[in-house]
Amino acid sequence: MKKKFTNATIYKHDDASEILVENGKFKAIGHDLGEADETIDLQGRLVLPPYVDSHLHLDYYFTGQDDDIKNESGTLFEAIDLWNDYKKGTTKEEMKVRMRQAVKDVASYGTQFIRAQTDCTDPHLTGIKAALEVRDELKNNITIQVVAFPQNGMYSFEEEGQSGRDLVEKALQLGADCVGGIPHNEWSAEDGNESVKEIVRLAIKYDKLIDVHCDETDDHQARFLEVLNAEALKQGYGKSTTASHTSSFGSANDAYAFRMMGLFRQSGINFVACPTENLFLQGRQDTYPKRRGLTRVKEFVDHGINVAFGQDSIVDLWYPAGSGNMMNILDNGLHATQLMRDEDFPRNFDLITYNGAQLMQLEDHYGLDEGKPANFIVLDAPNTFEAQRRRVECLASIRHGEYLFKKEPRVFDTELDIDRKTK
Ligand code: FE2
């Protein structure tokens, strides 16, 4: 069965307008691709690879709606304390129900790839077991990587004789894909540094990727990113390592940051920034001027350091909003990081597509290339600039050549003669 999508504007394929799909894979991307069993006219719309949310807490989805549990300070650390009590009352089945709902919610905006940060500081590993089951159950429609994330710390947590570090290892043995960590939530710099070294040791031992919540603080002297990068560099593990958040790097002094940029390039380490959450959570101890709480995204882009955006939270104790719509994340991120130069607009979608896929090491399965699975989305815009300017909807999500969903473009019931200008 051959399916042909015609009249498409294809991301980073300026000379192509047609996509031919056969047996769920891209057979060809080009012009005049011949006959097919079915032809679908995309009417000039923009085709992208699917959105990638490379940092999302599926297990926290809609845990922030309880009137009895409120994060009054709006800080990261109060949220961690509140969650510690909340999670004791959850079951695996309840988690799975919420995770499935989260996946459907996120997928409805065009995301097909998720890195799921999943709390493992629980002696029963309830969230990890739930996430692994949901990952396997939904794999045909969505690709999920599970991070063994010790929310309460590797060394500052112990329950029923098991430390956070022990629980990370158990989660990896159960099948988690990535080693997580949170050095800035350990009780001392020594413990934080040791946790980073242990994360890298565990990743090598079990052949896993690394994704650390790293320096998610406004403390301009936070240096766990430096340690993580150094360990990754020593072990040749940079391309398999991601530093998430790194808010403090946005507050670091320029001389220090300049030197670190060179070392990041050397290691090949990846970054994830979460624009909406860190705009909301950081700067809480600042009066004015109030910091944005984001890492140096524009400088990473300019230095060829891989950086992606994530929607960290959807209605949880950390952040009361969030939809999983990566277009909204891109929009907020581009404003907060000033990525609106002429050269930025044509490549900005990398931040929620290819860059996330790169850090998840999905290269063989992801992207608009012949021979790869025919996974792509269709946006209601004629080009990348219009898509970003108007924050357009995703009208279709296609997986292995089949629709996960498709929507009709909006129709206006009006006497106005709407003739929108496009660039
Ligand atoms: Fe997070």
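Note that ligands are numbered from 1 as they come in the structure, with each ligand's atoms numbered from 1 the same way. For this chain, numbers begin at 1 and follow the sequence in order. No hydrogens, no waters, no symmetry mates; every other heavy atom, side chains included, goes into these values.
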Out of L58, D59, L132, L172, which one pairs with V146 under the side-chain contact (heavy atoms from CB on, under 4.5 Å) rule?
L132
Not counting sequence neighbours, which residues clear salt bridge (Lys or Arg N to Asp or Glu O under 4.0 Å) with R165? List them please.
E169, E198
With sequence neighbours left out, which residue pairs that include part of residues 133-158 fulfil the ring pair (Phe, Tyr, Trp, His ring centres under 6.0 Å) condition?
H57-F149, F149-H213
May I have the step-by-step check of ring pair (Phe, Tyr, Trp, His ring centres under 6.0 Å) for Y354 and Y366, ending in yes or no?
CA-CA 8 Å; Y354 283 111; Y366 182 91; 5.6 Å; yes
By the side chain to side chain donor-acceptor pair (under 3.5 Å) test, which pairs, at least two apart or in different chains, include something from residues 313-322?
S313-D316
Closer than 2.8 Å to the Fe ion (ligand 1), which protein N, O or S atoms?
H55 NE2, H57 NE2, H213 NE2, D312 OD1
Report yes or no: is the cationic atom of R296 (NZ for Lys, CZ for Arg) closer than 6.0 Å to the six-membered ring centre of F271, at no more than 45° off its axis?
no
